[in-house]
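Accompanying notes for the structure given below.
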Amino acid sequence: MAQTPQEVLKMIQDNNIKIIDLKFIDLPGIWQHCSFYYNQIDESSFVDGVPFDGSSIRGWKAINESDMCMVPDPKTAWIDPFYEEPTLSMICGIKEPRTGEWYDRDPRTIAGKAVEYLQSTGIGDTAFFGPEAEFFVFDDVRFDQTENKGYYYVDSIEGRWNTGREEEGGNLGYKPGYKQGYFPVAPTDTVQDMRTEMLLTMAECGVPIEKHHHEVATGGQNELGFRFATLIEAADYLMTYKYVIKNVAKKYGKTVTFMPKPLFNDNGSGMHTHQSIWKGGEPLFWGDGYANLSKLALNYIGGILKHAPALLAFTNPTTNSYKRLVPGFEAPVNLAYSQGNRSASVRIPLSGPNPKAKRLEFRCPDATCNPYLAFAAMLCAGIDGIKNEIDPGESLDVDIYDLSPEELSKIPSTPGSLEQALESLEKDHAFLIDGGVFTQDFIENWIEYKLDNEVNPMRLRPHPYEFALYYDV
């Protein structure tokens with residue numbers, strides 16, 4: 001892979017590239033792009049950027065201050081496998097053209113500030129993140145919402161609800177039961193070849209691939225895995241992951257969603273996020289404490305748990321996220337830590353005697369998040385825990401289903417809605433601002449955007465199930 005602007009320009013020449021596709025992430029977390037003829041990109045583009053109109057990007061500039069610049073990162077260059085014309089893709093940060101400063105509402109810029117903040121504290125020099133994003137593959141999806149109707153419909157050849165359906169060639173069964181979809185072989189697992197193509201295509205795009213498998217839910221839940229990476233690299237890889245998976249699925253006539261809870265009464269899709277801090281090439285989370293954690297690691301956990309209600313405004317940023325975070329579906333609803341209890345929001349994975357493998361896993365996030373913002377916010381919370389030596393309390397190593405209601409009431413839980421998470425963020429965001437990572441303007445803009453575009457619109461619309469509950473009252 002290229003590392004410098006000069007190597008990218010040589011890559012363009014060697015591969016006879018005529019089109020350069022520049023990608024950047026908007027506020028909610030969706031890639032945007034613009035394609036340029038190759039002669040529009042030169043060495044200065046990697047410093048000054050390429051101008052574009054930012055007025056229509058969600059949550060960004062007003063029309064009277066719309067001029068912005070995309071600055072490509074040469075280390076993110078890969079040839080897009082989905083275009084007929086050979087096209088070089090690069091991921092960009094955003095600059096203000098008048099000042100030459102990085103734009104403080106650009107999520108990738110914020111992620112960079114989080115790494116700089118870590119380094120400025122002297123705690124460490126590198127933060128590693130390893131997200132595990134789950135998703136559903138459907139054969140059909142339809143939804144609509146108007147003044148007089150509202151519905152959704154999803155379907156999958158693997159859906160347990162289709163055991164009685166007449167299918168072309170006959171219904172062959174082989175449909176995973178509810179909560180029974182983990183690791184079945186073919187013919188129950190129908191998308192092995194497609195997942196393999198997804199994984200190998202990700203590798204072509206520079207993602208350090210590891211594995212793929214079927215997930216727990218019926219109806220086509222899956223997961224691919226890639227190796228942990230530095231904070232910005234991990235966020236870049238996750239965006240490439242989502243891009244590749246959706247486009248390969250489309251090639252197979254299928255559709256992918258990272259929506260946390262598209263199915264009622266079965267497991268939702270999360271994004272367990274592994275993380276650790278290193279300094280001078282040495283891991284800092286290994287020690288002689290609980291589960292072989294260092295005091296620094298336990299304090300990091302303390303910061304995550306203390307700020308979790310506010311963190312979820314970034315790590316679980318949709319109204320649908322909180323339909324996954326409910327008891328009974330392996331969801332991490334308990335704000336506690338454990339080396340074995342998967343209902344705890346922070347889990348310590350088994351790492352054997354290898355200090356370099358010691359890490360923690362924050363299990364709350366889902367892949368609807370903007371990864372640059374989510375990873376930056378988690379790192380800020382962990383740094384706050386280290387700086388203030390926050391004690392995470394006792395670990396949760398009991399079966400929560402054996403606890404009495406009185407015992408269970410003593411364990412704090414995740415917010416019950418996006419609105420509650422946003423309220424927590426409004427009250428608790430100093431840990432995001434103190435290091436100069438997020439700005440007050442960004443926090444206020446995020447809360448306003450989420451309320452105006454997601455929370456309040458959901459309030460206004462009747463839900464289909466309300467008709468079952470109340471129509472004949």
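Starting from 1, each residue takes its place in the sequence as its number.
For P28, the side chain to side chain contact (heavy atoms under 4.5 Å, CB included) test picks out D26, R58, Y449, with sequence neighbours left out.
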Apply side chain to side chain donor-acceptor pair (under 3.5 Å) to the pair N222 and H212, showing each step before the final yes or no. CA-CA 8 Å; N222 296 271; H212 69 76; over 6 Å; no
Passes side chain to side chain donor-acceptor pair (under 3.5 Å), E158 versus T190? Steps please. CA-CA 7 Å; E158 291 187 358; T190 66; 2.7 Å; yes
Might you work through the ring pair (Phe, Tyr, Trp, His ring centres under 6.0 Å) test for H213 and Y182, ending with a clear yes or no? CA-CA 8 Å; H213 59 84; Y182 199 61; 5.7 Å; yes
Run the numbers on I348 and E361 for side chain to side chain contact (heavy atoms under 4.5 Å, CB included), then give the verdict. CA-CA 6 Å; I348 317 304; E361 174 190 16; over 6 Å; no
Stepwise, does the salt bridge (charged side-chain N to carboxylate O under 4.0 Å, His left out) test hold for K113 with D104? CA-CA 10 Å; K113 288 181 179 179; D104 59 13; 5.6 Å; no
For side chain to side chain contact (heavy atoms under 4.5 Å, CB included), just list the numbers for C92 and V71, CA-CA rounded to whole Å, side-chain angles, deciding distance to a tenth of an Å, and then say yes or no. CA-CA 5 Å; C92 299; V71 183; 5.5 Å; no
For a ring pair (Phe, Tyr, Trp, His ring centres under 6.0 Å) check, start with the C-alpha distance between F24 and Y103, then their side-chain angles and the critical distance, and finish with the verdict. CA-CA 12 Å; F24 64 94; Y103 181 40; over 10 Å; no
Could you walk me through whether K95 and W102 pass the side chain to side chain contact (heavy atoms under 4.5 Å, CB included) test, one step at a time? CA-CA 4 Å; K95 271 188 178 180; W102 293 104; 3.6 Å; yes
The test is side chain to side chain donor-acceptor pair (under 3.5 Å); show your working for S395 and D397 and say whether it passes. CA-CA 6 Å; S395 60; D397 294 322; 2.7 Å; yes
Q440/H429 under side chain to side chain donor-acceptor pair (under 3.5 Å): CA gap, chis, key distance, verdict: CA-CA 9 Å; Q440 185 68 33; H429 57 259; 3.1 Å; yes
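Residues L335 and S345 share a closest heavy-atom pair of CA-OG, 3.4 Å. Of all heavy-atom pairs between N320 and P260, the closest is OD1-CD, 3.2 Å. Nearest heavy atoms, P371 versus L238: CB-CD2, 3.7 Å. Counting all heavy atoms, side chain and backbone alike, S276 lies closest to F285 at CA-CE2, 3.4 Å. Heavy-atom minimum distance, V333 versus L325: CG1-C, 3.4 Å. In terms of heavy atoms, W446 sits closest to A313 at NE1-O, 3.1 Å.
Distance alone, capped at 3.5 Å, is enough to place a donor-acceptor pair between the D125 side chain and the G280 backbone. Side-chain atoms of N445 come within 3.5 Å of backbone atoms of G59 as a donor-acceptor pair (strictly under, hydrogens ignored). In this structure, R227 contributes its side chain and G130 its backbone to no donor-acceptor pair below 3.5 Å. A side-chain donor-acceptor contact under 3.5 Å links N456 to the backbone of L451. Of the possible donor and acceptor atoms, none in the side chain of D106 sits under 3.5 Å from a partner among the backbone N and O of G93. Distance alone, capped at 3.5 Å, places no donor-acceptor pair between the E134 side chain and the E223 backbone. R363 places no side-chain N or O within 3.5 Å of a backbone atom of H272 that could act as its donor or acceptor partner. Formation of a donor-acceptor pair under 3.5 Å by the S424 side chain with backbone atoms of Q420 is found in this model. With hydrogens and angles disregarded, no donor-acceptor distance shorter than 3.5 Å links the side chain of K254 to the backbone of V191. No side-chain donor-acceptor contact under 3.5 Å links K261 to the backbone of Y322.
For F467, the CZ atom sits in a loose shell: 12 or fewer heavy atoms of surrounding residues, nucleotides or ligands are nearer than 6.0 Å. The environment of E426 atom CD is sparse: at most 12 non-hydrogen atoms of other residues, nucleotides or ligands sit within 6.0 angstrom. For K427, the NZ atom sits in a loose shell: 12 or fewer heavy atoms of surrounding residues, nucleotides or ligands are nearer than 6.0 Å. For OH of Y471, the number of neighbouring non-hydrogen atoms (other residues, nucleotides, ligands) closer than 6.0 Å is 12 at most. Within a 6.0 Å radius of NZ in K387, other residues, nucleotides and ligands contribute 12 heavy atoms or fewer. In N354, the CG atom is crowded: over 12 heavy atoms of neighbouring residues, nucleotides or ligands sit closer than 6.0 Å. A 6.0 Å sphere centred on CG of L350 holds no more than 12 heavy atoms belonging to other residues, nucleotides or ligands.
The shortest distance between side-chain heavy atoms of L432 and F314 falls below 4.5 Å. Proximity of C364 to N316: side-chain heavy atoms (C-beta onward) are separated by under 4.5 Å at one or more points. The closest side-chain heavy-atom distance from R160 to Q180 is not below 4.5 Å. By the 4.5 Å heavy-atom criterion applied to side chains, V244 and F82 are counted as neighbours. Between P392 and Y337, the closest side-chain pair of non-hydrogen atoms falls below 4.5 Å. Between T121 and I386 there is no side-chain heavy-atom pair separated by less than 4.5 Å. Taking 4.5 Å as the limit, some side-chain heavy atom of Y243 sits within range of a side-chain heavy atom of K23. Two residues are said to be in side-chain contact when any heavy atoms from C-beta on lie closer than 4.5 Å; Y300 and L379 meet this criterion.
For the residue pair S321 and D366, a side-chain donor N or O sits within less than 3.5 Å of a side-chain acceptor on the partner. Side-chain atoms of W161 and D155 form a donor-acceptor pair, as typed in the model, at a separation below 3.5 Å.
Stacking of K306 on the aromatic ring of F431 is not recorded, the 6.0 Å distance cut-off and the 45° axial limit not both being met.
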Extract all donor-acceptor atom pairs below 3.5 Å that involve side chains of residues 406-415 and protein atoms in other chains or at least two apart in sequence.
unit_1	atom_1	unit_2	atom_2	d
E407	OE1	S404	N	2.9
E407	OE1	S404	OG	3.3
S409	OG	E406	O	2.6

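Under the 30°/60° scheme for interplanar angles, the aromatic rings of F228 and F128 are found to stand perpendicular.
If you take NZ on K175 and CD1 on I157, they are separated by 4.0 Å, rounding to the nearest 0.5 Å.
Under the 4.0 Å criterion applied to side-chain N and carboxylate O atoms, R108 and D236 are assigned as salt-bridge partners. We find that D189 and R195 are joined by a salt bridge, their nearest charged nitrogen and carboxylate oxygen being less than 4.0 Å apart.
Checked options V141, D144, D140; the residue passing with Y153 is D140 (criterion: side chain to side chain contact (heavy atoms under 4.5 Å, CB included)).
Sorted by first and then second residue, the ring pair (Phe, Tyr, Trp, His ring centres under 6.0 Å) pairs with a member in residues 351-380 read F129-F375; sequence neighbours excluded.
For Y465 and F264, the gap between ring centers reaches or exceeds 6.0 Å.
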